[in-house]
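Position 1 is the first residue of the sequence; numbering continues from there.
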Amino acid sequence: MMNMPRTVEEILAHADELAARFEAYEPDPTDELDAGAVALLRAAVTERSEAERHLVDAVRAAREAGMPWSAIGSFVGTSGEAARQRYSAKVA
(Lines give C-alpha, C1' and ligand atoms only; values in the text may rest on other atoms or scores of the structure.)
Protein backbone atom coordinates (compact mmCIF):
# COMPACT_ATOMS: atom_id res chain seq x y z
CA MET A 1 0.00 0.00 0.00
CA MET A 2 1.39 3.38 -1.03
CA ASN A 3 1.47 6.24 1.46
CA MET A 4 -0.18 9.39 0.20
CA PRO A 5 2.26 12.26 -0.27
CA ARG A 6 1.79 14.93 2.40
CA THR A 7 4.47 17.58 1.96
CA VAL A 8 4.90 19.80 -1.08
CA GLU A 9 8.16 18.01 -1.84
CA GLU A 10 6.48 14.58 -1.65
CA ILE A 11 3.63 15.77 -3.88
CA LEU A 12 6.06 17.15 -6.47
CA ALA A 13 8.14 13.96 -6.38
CA HIS A 14 4.99 11.89 -6.78
CA ALA A 15 3.90 14.06 -9.71
CA ASP A 16 7.30 13.62 -11.36
CA GLU A 17 7.07 9.85 -10.87
CA LEU A 18 3.59 9.76 -12.41
CA ALA A 19 4.72 11.91 -15.34
CA ALA A 20 7.67 9.60 -15.99
CA ARG A 21 5.41 6.53 -15.84
CA PHE A 22 3.00 8.22 -18.25
CA GLU A 23 5.79 9.10 -20.69
CA ALA A 24 7.18 5.53 -20.57
CA TYR A 25 3.78 3.86 -20.93
CA GLU A 26 3.35 1.62 -23.95
CA PRO A 27 -0.25 0.46 -24.35
CA ASP A 28 -0.89 -3.23 -24.77
CA PRO A 29 -3.62 -3.74 -27.39
CA THR A 30 -4.89 -6.76 -25.47
CA ASP A 31 -5.63 -4.52 -22.47
CA GLU A 32 -7.81 -2.07 -24.39
CA LEU A 33 -11.53 -2.06 -23.75
CA ASP A 34 -14.08 -2.18 -26.52
CA ALA A 35 -15.37 1.40 -26.90
CA GLY A 36 -18.85 0.22 -27.87
CA ALA A 37 -19.15 -2.00 -24.82
CA VAL A 38 -17.88 0.79 -22.56
CA ALA A 39 -20.44 3.20 -24.04
CA LEU A 40 -23.25 0.70 -23.46
CA LEU A 41 -22.17 0.14 -19.87
CA ARG A 42 -21.96 3.88 -19.19
CA ALA A 43 -25.42 4.42 -20.69
CA ALA A 44 -26.89 1.56 -18.66
CA VAL A 45 -25.39 2.86 -15.43
CA THR A 46 -26.75 6.34 -16.17
CA GLU A 47 -30.21 4.91 -16.91
CA ARG A 48 -30.16 2.85 -13.71
CA SER A 49 -29.13 5.89 -11.69
CA GLU A 50 -31.94 7.96 -13.22
CA ALA A 51 -34.43 5.16 -12.59
CA GLU A 52 -33.35 4.94 -8.95
CA ARG A 53 -33.84 8.72 -8.57
CA HIS A 54 -37.34 8.38 -10.09
CA LEU A 55 -38.10 5.52 -7.73
CA VAL A 56 -36.99 7.52 -4.69
CA ASP A 57 -39.21 10.40 -5.85
CA ALA A 58 -42.14 8.00 -6.26
CA VAL A 59 -41.58 6.46 -2.84
CA ARG A 60 -41.42 9.94 -1.33
CA ALA A 61 -44.72 10.87 -3.00
CA ALA A 62 -46.29 7.62 -1.83
CA ARG A 63 -45.20 8.21 1.76
CA GLU A 64 -46.42 11.81 1.64
CA ALA A 65 -49.76 10.45 0.42
CA GLY A 66 -49.87 8.17 3.47
CA MET A 67 -49.11 4.89 1.73
CA PRO A 68 -47.77 2.27 4.17
CA TRP A 69 -44.39 0.66 3.69
CA SER A 70 -46.07 -2.71 3.10
CA ALA A 71 -47.85 -1.35 0.00
CA ILE A 72 -44.72 0.38 -1.26
CA GLY A 73 -42.77 -2.83 -0.75
CA SER A 74 -45.27 -4.78 -2.84
CA PHE A 75 -44.85 -2.27 -5.69
CA VAL A 76 -41.06 -2.37 -5.61
CA GLY A 77 -40.90 -6.14 -5.23
CA THR A 78 -39.77 -6.39 -1.62
CA SER A 79 -41.28 -6.62 1.80
CA GLY A 80 -42.48 -3.45 3.45
CA GLU A 81 -39.65 -3.68 5.96
CA ALA A 82 -37.05 -4.03 3.20
CA ALA A 83 -38.55 -1.01 1.39
CA ARG A 84 -38.51 0.99 4.61
CA GLN A 85 -34.88 0.07 5.30
CA ARG A 86 -33.82 0.98 1.77
CA TYR A 87 -35.77 4.20 1.24
CA SER A 88 -36.80 5.74 4.58
CA ALA A 89 -33.62 7.82 5.00
CA LYS A 90 -33.79 8.94 1.36
CA VAL A 91 -37.37 10.16 1.54
CA ALA A 92 -37.38 11.71 5.01
Atom pairs and distances, donor-acceptor, side-chain atoms in residues 38-48, under 3.5 Å, two or more places apart:
unit_1, atom_1, unit_2, atom_2, d
Thr46, OG1, Arg42, O, 2.9

Let me have the donor-acceptor pairs involving side chains of residues 69-78, under 3.5 Å, with sequence neighbours excluded, atom names and distances please.
unit_1, atom_1, unit_2, atom_2, d
Ser74, OG, Ala71, O, 2.7

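With sequence neighbours excluded, the residues satisfying salt bridge (Lys or Arg N to Asp or Glu O under 4.0 Å) with Arg84 are Glu81. Scored by the side chain to side chain contact (heavy atoms under 4.5 Å, CB included) test, Asp28 finds Thr30, Asp31 as partners (sequence neighbours excluded). The salt bridge (Lys or Arg N to Asp or Glu O under 4.0 Å) search around Arg60 returns Asp57, not counting sequence neighbours.
Here Glu17 contributes atom CD and Phe22 contributes atom CZ; the two are 15.0 Å apart, rounded to the nearest 0.5 Å.
Under a 4.5 Å side-chain heavy-atom criterion applied to ILVMFWY residues, the cluster that includes Leu12 comprises Val8 as well.
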